[in-house]
Every structure is written in C-alpha cells, then in structure tokens.
There are 2 protein chains.
Amino acid sequence: MSRWKPDARGRLEKAALELYSEKGFEATTVAEIAARAEVTERTFYRHFADKREVLFQRNALADVLAHATATAAAPLAPLEVITHALTEAAPVFEERAELVRQRQAVIAAHPELQERELAKLACLGSTLADALRERGLDATTAALAAGIGMAAFKVAFERWIDDPDQHPLAQHLRHTLDATRHLTTADDASRTDVPVLPRALDTPPSPGG
Amino acid sequence: MSRWKPDARGRLEKAALELYSEKGFEATTVAEIAARAEVTERTFYRHFADKREVLFQRNALADVLAHATATAAAPLAPLEVITHALTEAAPVFEERAELVRQRQAVIAAHPELQERELAKLACLGSTLADALRERGLDATTAALAAGIGMAAFKVAFERWIDDPDQHPLAQHLRHTLDATRHLTTADDASRTDVPVLPRALDTPPSPGG
DNA sequence: GCCGTGATGTCAGTTCGTGACATCACCATA
DNA sequence: TATGGTGATGTCACGAACTGACATCACGGC
C-alpha cells in the first residue's frame, strides 16, 4: 500500500477552511491545520506559500476569462467583451456555490484575507487586460476596461453572495454591468428611484445578446 | 533635555523607506529599521501595526476625497463627482512627488506591499462610496462608481509615475477619466478612434464641463 | 533486482509580532 | 519646591510564521 494517504493538498484545504470557519483565521495555527489533515506543518508549506494562500489556490478563473475574452466576437466594444467574459466565468462560481459562500464568509471576517483576495482579483484584472490588448486595444484602454470589469464583478459578486433570493450570479452581473452604462448620465437616472436590481427579476432588460 | 530624540515615528518611516530601497523589503528586518532610527524593535510596533504599514500611514487622501465628494455641485453625474473629487486629491501626490515615486518604486518591487496598497485603495474606495451614498446614490451605484473611480485612478497614477515627461497627475486623471466616460457611455461610439492619451498633451479634449 | 524520483518527515533556526512590566522626563498642581 | 500622574520608550519572554538542509522510502522504469 502507499506510504501516505492520497491528496494531502485537498485534506489541507478542507482542514483549513473548517478551522478558519470554526475558530477564526488568526486563532488557527498552521500546526493545527496540518494535524487535522494528518501531515506535518512543513508539508503545509510545501503546498501553500503561506497561511492565507490555502484559501486561494483553486482558480480556473483566469483561464476562463482569458479564453472567453480571446474568442469573443470581433466587433464588440470593450465593455461588451468584458460582459461576455464575465458571464462565461459565472458558472465557475455557481457550480460550487456552497463552498464559495463558506469561503467568502471566512474572508469577510478577516482583513488579512481580504487583502489577499484583492491581490488575486488584481491579478485577474491583469490577465484580462492582457487578453484585451491581444484584441488590439491600447494598453491604457485595456487596463481601464479590465479595471472597470473587475469593479463591476466585485459588486455583482458581493450582491450575489448576500442575495437572500439566490438569483444566479449571471443575473447580478448583467444588472451591474448595465448600471455601469448609466454612471455618466446626470442625476435623475442614477437616483434611488431606479434600483439596479428591480424587485421582479424574472424580466431582466435584454442586453441584446 | 528630553529623554529621547523627537519624532521617533518620522525617523522610523525614513529609515524603513531607505532600507527597503537599499536592500529590499524582505531582506530588511524590523530590528535594522529600529536600529537605524535609534529606537527598539518594540517601539516600531507601537507606531506601526506591521512591517508593511510603515509605508502606508501618511494618508490625508481619504479626507480630501470625502470632502470633495460631499461638496461637489449637486446635479452632477456620478462619474463627474468622482472626476471632481480625484482632481481635488491630485495635489496630495504632486506636492510630494519625489517621496511618492521612491515609495512607489519599493512597492512595485514587492508583491506583499502591492497587496497592502490594494487594501488601502479598497478602503479609499469604500470611503468614496460612502460619500456618494450621502449624496443620495443607491448603494450599488455608489459602490460601482467608487470602484470605477479607483480603477481609473490606479491607471492614471501608474501613468503619472512612469511618465518620462512629468505631466501633472491631474492631466493623466483627466485623460483616464475621459476614456472611462467613453468606455461606459451607452452608445457604441467607444471605439479606438478616440485615443486615451494623445501625443500632444497640451491640448486635452474638453469634456464639455 | 537496482536506481532515480518525488512526496513527505524531522529538526534547527530566523524573523515577526505581542503581552507584561519597568523606567523616567515632563507637566500640572498644591 | 515637592508630589504624583502620564505617556513614550526600553526590556524581556514567548508563541507562531516561515525556511533551509538533510533523511526516508514507496513507486516506477529499466
């Protein structure tokens, strides 16, 4: 038989998420995580650069975003490309909604983890910007569009996490990206009388896709 | 005479920036910083929460942003308010351009510091979003506008730092925010025919305000 | 049956960051 | 002038985060 139980990495991820949930991030030591995963502390650091990284490693997202951006229809405006890419990426979250929510709860409770999350998001933004430049956008426009996309994603994701009605992430994305287009119009449209996410969600304004 | 040399905090900031510049962030120990500032390591931690924070404490920015947002003319579109606020904030950087550049060089060389920088920027974004909500915007629009504003600021700031011609930050901000307006404006006249930063910077396109 | 490889264990050490307590110039006030 | 409180700093001890170096030994190829 094999010398060690298989999937040490998976066990570490699971143990870490559990312990961070149970007793908080700071109150959890790497030694504890390792013990629960039945490996040594040193092994933890062979799989993850530090105590935070264990929550941020599974990330198919960058690939999905880059691919969707590269393969979007040619004549689309930058923000349309972004909309397409983010919509393509939504299932990555929807498929693991349970896990994602638990993870996010932990992150929300610890500034250090939020810091790391922002770094990951910024990294994603760079990937997106690269992909946009591949499409022929100049560097500044690409960086800007990617930044806007990430800002919109952040808001939509947050709304999705907190949504008591569990509407799909794609829907929150659509509404948020739509709201982006009204930021330049004077006051009246962006007042509270036109909520971004109307009560009746079953008839979203079709963005023409 | 006094028991200790005055301005321990200032000496620590100076020593830290010097050492981080000279030998890198990771290669510098807090003990070294403290020694150069002629205090003990413990005193360092009385002034700064951790080794990174010493680079991020001076921040009049939040106040300026919040104030400028609150006092902007009433009927402005969200993005115009942001434009106003960021423009008001520009002098905070221009006035210490030398220091800001040195600091930024250190940050650019160390992911851990970039992480902290992103966190500070996000915090600033929240402040801005709060101020926008004070103006009557709904939470989602406010968060979105603030996020986009921060994204634009990030790009403009980066361009300013790298600008060999040393154009004022305010100018980069104007151009970047202009590009943002084009990207987010509903009609699809947002093509490449409007370059973000034209060769001749002395005749910026007037945004009609 | 031998050998290289890779994942893990073991151990020692450095640095970060914190709690507890000591010191003593300075200041207010009697 | 004497007294006592305050606040910034020093001193010490310590746990926990990370890292480098070397040991182990199942497995897979040859």
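Note that this is a predicted model, so its numbers are computed, not measured. By convention in this document, chain letters (A, B, ...) are assigned in the order of the sequence lines, proteins followed by strands, and residues within each chain are numbered from 1.
- Here the side chain of B/Glu41 is nearest to one of D/dC18, C/dC16, D/dG10, namely C/dC16.
- Within 4.0 Å (heavy atoms only), B/Thr40 reaches at least one base atom of the nucleic acid.
- Judged by distance alone, with hydrogens and angles left aside, A/Arg3 brings a side-chain donor or acceptor within reach of the base of D/dT24, the pair sitting under 3.5 Å.
- Geometric assessment of A/Arg103 against the ring of A/Phe56 yields a positive cation-pi assignment under the 6.0 Å and 45° thresholds.
- Side-chain nitrogen and oxygen atoms of B/Tyr45 include at least one within less than 4.0 Å of the OP1 or OP2 phosphate oxygen of C/dG17.
- Note: CZ (B/Phe25) to P (D/dC18) measures 12 Å, nearest angstrom.
- A/Arg52 has no carboxylate O lying under 4.0 Å from a charged side-chain N of A/Glu117, or vice versa, which leaves the two without a salt bridge.
- Atom CD of B/Glu112 is separated from atom P of D/dA17 by 16 Å (rounded to the nearest Å).
- A side-chain donor-acceptor contact under 3.5 Å links B/Glu32 to the backbone of B/Thr29.
- Atoms CD (B/Glu26) and P (D/dG20) sit 11 Å apart, rounded to a whole Å.
- When distances are taken from the side chain of A/Arg42 to each of D/dA21, D/dA17, C/dT8, the shortest belongs to D/dA21.
- Ion pairing between a basic and an acidic side chain is recognised when a charged N comes within 4.0 Å of a carboxylate O; A/Arg181 and A/Glu80 show such pairing.
- Between C/dG9 and A/Thr43, a contact under 4.0 Å exists linking OP1 or OP2 to a side-chain N or O.
- A/Lys23 places its NZ atom 13 Å from the C1' atom of D/dA16, with the value rounded to the nearest Å.
- Side-chain atoms of B/Arg46 and base atoms of D/dG7 include no donor and acceptor less than 3.5 Å apart.
- Distance, B/Phe44 CZ to D/dT11 P: 18 Å, rounded to whole Å.
- The distance from atom CD1 of A/Ile33 to atom P of D/dC18 is 10 Å, rounded to the nearest whole Å.
- For A/Lys51 and D/dC18, the NZ to C1' distance is 12 Å, given to the nearest whole Å.
- Two residues, B/His47 and A/Phe48, neighbour DNA chain D, and the one matched to the more 5' nucleotide by heavy-atom proximity is B/His47.
- One atom, CZ of B/Arg9, and another, C1' of D/dT9, lie 15 Å apart when rounded to the nearest Å.
- Counted by atom type alone, A/Thr140 and B/Arg159 present one or more donor-acceptor pairs between their side chains at under 3.5 Å.
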